[in-house]
Amino acid sequence: MLQNIAIGQYVPGHSFLHRADPRSKLLFIILFATLVFLANNTVTYAVLVAFTLYAGLLSRLSLGYILKSLKPVWILIVFTIILHIFLTKGGAVYFQWGWFTVEERGIQQAIFISLRLGLLVVISSLLTLTTSPIDLTEGLERLLGPFGRIGVPVHEIALMMSIAIRFIPTLMEETDKIIKAQTARGANFTSGSLVKRAQSLIPIAIPLFVSAFRRAEDLALAMEARGYRGGVGRTRLHKLAFSWRDAGIAAAGVLLAITIGWWRA
Amino acid sequence: MNEENLLALQEVSYTYDDELGSRVPVLKDVDLTIQKGSFVSVLGHNGSGKSTMAKLMNALLLPEGGKVLVAGMDTSQGELVWEIRRHVGMVFQNPDNQIVGATVEDDVAFGLENMGVDPAQMRQRIDEALASVGMEPYLLAQPHRLSGGQKQRVAIAGIMAMRPSVIILDEATAMLDPQGRQEVLQLVRRLNRDEGITIINITHFPEEAVYSDKVVVMNAGEVLMEGPPGDVFNQVERLKAVGLDVPFAVRLRHMLAAKGIDLPFVLHQEELVEHVCRLLLTR
Amino acid sequence: MQITFDQVSHIYGKGTPFERVALHDISFTIPSGSFVGIIGQTGSGKSTLIQHLNGLLLPSAGTITLGDTVITSKQRLPHEQRRNIGLVFQYPEHQLFEETVAKDVAFGPSNFDLPEAMVEARVKEALEIVGLDYEKVKDRSPFHLSGGQMRRVALAGVLAMQPKVLVLDEPTAGLDPMGRQSILEAIYRIHQEQKLTTLLVTHSMEEAARYADYMLVLAQGTIALQGKPDEIFMQAERLRELALDVPETVAFVSRLNQLLPDKESLPNSVYREEELIAHLLERLSVPKEG
């Protein structure tokens with residue numbers, strides 16, 4: 001059901017990860033992603049997996065719930081595994097059937113690459129699970145702040161993101177309503193050829209666009225009426241502040257980087 | 001200009017382009033003054049020019065002819081626009097489409113952020129504004145989880161935080177259920193009485209206008225009638241001719257009076273009941 | 001078409017953390033040709049209820065009978081049956097999407113594979129029922145019409161399917177008094193002319209009082225009251241408990257009766273404005289004997 005989709009997937013809480021500054025979490029993810037790509041042997045991957053599990057514990061969310069984030073990408077992971085098992089050659093031959101072989105390098109790569117994918121997904125889910133969309137936008141805006149000086153419309157981007165977050169549930173409801181209204185008029189979205197099915201989306205897409213534009217127009221007017229005139233001279237309600245938690249995250253980052261750098265082949 | 005007149009429209013005219021590109025006048029030489037601290041209702045059917053009038057009062061639109069003065073400031077003077085918008089808050093029809101913030105507190109903060117208010121002070125003003133509309137428990141709520149009436153109250157809180165002199169409700173109750181409508185009306189009546197905020201309620205529900213100090217009836221871009229509710233609603237036939245209804249008690253009394261029953265003009269049902277009762281008992 | 005709900009319940013998101021009972025043990029029978037007013041606060045289950053009528057939602061438990069068709073949690077409404085039930089949602093103008101008014105109105109009937117000539121005839125008829133001039137509006141973009149006109153086009157889009165049951169969710173929301181009046185009149189006219197079974201969901205007791213011959217009052221997913229309008233309005237106390245108002249006419253009569261001695265009191269069953277005026281005129285014009 002459309003109305004049951006939560007925005008982002010933020011789960012409110014008070015854990016270490018929830019209370020850390022979104023900027024340090026964002027920066028850490030960038031570092032982590034780099035390290036995941038640097039990892040290239042069993043030890044480094046083991047360190048990363050162990051670290052991710054520990055981070056999961058810090059979020060105080062159930063492991064099962066966190067691993068659910070892998071659901072949308074599992075096909076990709078399985079596909080990667082199959083691809084590597086079949087196509088990557090080298091090392092000992094484990095299995096042979098005619099021209100078809102499964103070799104040591106294939107198995108190894110299958111595990112490493114799928115772990116790489118999985119780790120990235122899980123760690124970034126930890127970010128979205130423990131950071132409210134508003135904090136996330138706030139953090140991005142601050143991090144990108146310096147780029148404002150070279151002409152990047154940072155304030156506008158952040159505002160657009162927060163408005164998008166605000167309107168996602170509204171537009172979801174709207175979509176649900178339009179689908180129902182057209183269904184009541186006999187529209188059929190589930191049968192017929194592919195072309196027919198694509199065509200059947202028009203009665204949903206157009207009203208949705210029209211409504212989104214109407215809302216945008218209304219919103220622009222309402223914002224203007226409340227004195228909005230761009231980012232200049234604007235103050236912000238929320239102030240982000242680093243705490244000891246962020247020092248902890250920084251230390252963990254440095255430690256992790258040294259470990260991976262040391263142990264990688 | 002008279003000190004007491006917070007808002008004044010002087011021979012204001014405005015036109016817009018229709019679908020086919022021809023110019024359609026929406027307001028024709030409108031003169032209107034709004035007294036400080038008053039509760040004014042503006043009635044008129046769709047297309048009578050009442051919404052355009054609201055947007056002119058907040059400098060969202062600028063008059064093509066004539067002048068709009070807000071606390072003595074001319075809206076066409078560009079540098080005064082921000083001060084004018086701080087003075088004149090607007091609540092629009094669709095509760096969903098005017099909430100900017102992803103949480104209630106963020107939304108109330110929006111206007112303050114635009115004004116460049118110091119964040120330390122902001123917190124206090126948000127709390128005060130939410131208290132004034134009775135929405136304190138919803139500080140961190142997400143707007144889409146609120147009822148229509150609650151959303152409009154949040155919108156009003158966003159305006160109250162900016163410490164306005166006037167709040168214009170541009171058909172702000174049209175999309176609400178009866179409960180939501182009551183919530184919003186009771187709130188603005190209280191803000192008018194207790195905090196001295198001038199209220200301009202643009203509506204097509206005649207019942208909402210009964211308690212105002214002044215009723216303005218718009219038709220085809222002109223002010224058709226203007227005066228205390230009693231004087232305006234007394235002209236039932238004239239209102240009907242422009243597609244407007246009157247409150248129940250007025251309508252009932254009008255129908256009975258038309259058949260020769262001797263009943264004085266009343267606005268409220270309670271009064272009519274008393275008169276009818278007296279008449280029934282003395283017959 | 002007779003409509004029967006037998007112990008119908010609906011639960012949203014069963015088995016998830018979002019689980020919510022929207023309808024609980026609803027039973028009623030609406031004879032063919034009735035005009036039913038469905039009243040209740042926002043969140044009382046009205047919208048959920050009407051979505052069951054054309055199979056957009058299936059009951060979690062219980063049985064719905066529409067004419068000869070039975071809907072249960074396992075038995076869907078067949079596609080071709082859907083056109084018998086015209087469902088007009090709140091703000092139906094938001095579902096318009098075609099380039100021209102005529103094409104948009106034709107969307108419904110075309111979905112049921114009718115011959116083109118027949119579709120055109122129905123489009124024309126439907127637009128005229130809602131009071132729009134077919135020749136004038138057929139080639140216009142629906143998006144360039146006024147709000148009230150757009151709503152009529154949307155209504156015509158449902159009428160063009162020639163349903164036997166017409167279900168309307170707050171058809172007057174957001175319209176001005178003239179627009180409200182004329183859309184309701186159009187609905188009532190077609191209800192009578194085509195002998196439809198009509199269900200009108202409304203917040204307005206006045207609207208229900210004016211048109212309905214039967215009423216369902218919903219509260220928290222259950223039917224709090226059902227019956228003829230006068231039976232419902234006589235339970236003013238109960239309605240107030242449900243945070244619903246009685247029509248002004250009813251409030252007037254009950255206030256008046258409180259002041260009058262018993263023998264002078266007006267019948268409590270009066271709720272239509274014309275009826276009230278007639279009563280009062282009769283009582284007031286004839287001088288008391290003696």
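Basis for what follows: all heavy atoms, side chains included, without hydrogens, waters or symmetry-related copies. Per chain, numbering begins at 1; letters A, B, ... match sequence-line order. Keep in mind the model is a prediction, meaning the values are calculated, not measured.
- Ranked by non-hydrogen atom pairs under 4.5 Å with chain A, the options B:D96, B:I84, B:T103 are led by B:D96.
- Residue contact with chain A, scored on non-hydrogen atoms closer than 4.5 Å, involves the side chain of B:F92 exclusively.
- Annotation for B:R23: atom CZ counts as buried by contact number, over 12 foreign heavy atoms lying within 6.0 Å.
- In this structure, CG on A:L171 lies 11.5 Å from NE2 on B:H144, to the nearest 0.5 angstrom.
- A pairwise comparison of heavy atoms in B:I99 and A:R166 identifies O-NE, 2.8 Å as the closest pair.
- Ranked by heavy-atom pairs shorter than 4.5 Å toward chain B, the options A:E217, A:R236, A:R229, A:E224 are led by A:R229.
- Atom CZ of A:F147 has 12 or fewer heavy atoms from other residues, nucleotides or ligands within 6.0 Å.
- To the nearest 0.5 angstrom, A:L219 atom CG is 9.0 Å from B:Q98 atom CD.
- Counting only heavy atoms from C-beta outward, the side chains of B:Q142 and A:I165 never approach each other to under 4.5 Å.
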I'd like to know whether B:N114 forms a side chain to side chain donor-acceptor pair (under 3.5 Å) with A:R234, so could you lay out the CA-CA distance, the side-chain angles of the two residues, the decisive distance to 0.1 Å, and finally the verdict. CA-CA 5 Å; B:N114 292 336; A:R234 236 175 152 251; 2.6 Å; yes

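- Smallest separation of non-hydrogen atoms from B:M90 and A:A225: CB-CB, 4.4 Å.
- To the nearest 0.5 angstrom, B:R85 atom CZ is 13.0 Å from A:R226 atom CZ.
- Put simply, CG on B:D106 and CG on A:L237 are 6.0 Å apart, with the number rounded to the nearest 0.5 Å.
- In plain terms, the two heavy atoms of A:A222 and B:N97 that are nearest each other are CB-O, 4.3 Å.
- In this structure, the side chains of A:L221 and B:K55 come closer than 4.5 Å at one or more pairs of heavy atoms.
- With contacts defined as side-chain heavy-atom distances shorter than 4.5 Å, the pair B:D118/A:T235 does not qualify.
- Annotation: side chain of B:V100 is not in contact with side chain of A:F167 (no heavy-atom distance under 4.5 Å).
- Residue B:Q93: no heavy atom, backbone or side chain, is found under 4.5 Å from chain A.
- Contacts between B:N58 and chain A at a heavy-atom distance below 4.5 Å involve the side chain alone, from C-beta outward.
- Comparing B:M122, B:R86, B:E113 by how many heavy-atom pairs each has under 4.5 Å with chain A, the most go to B:E113.
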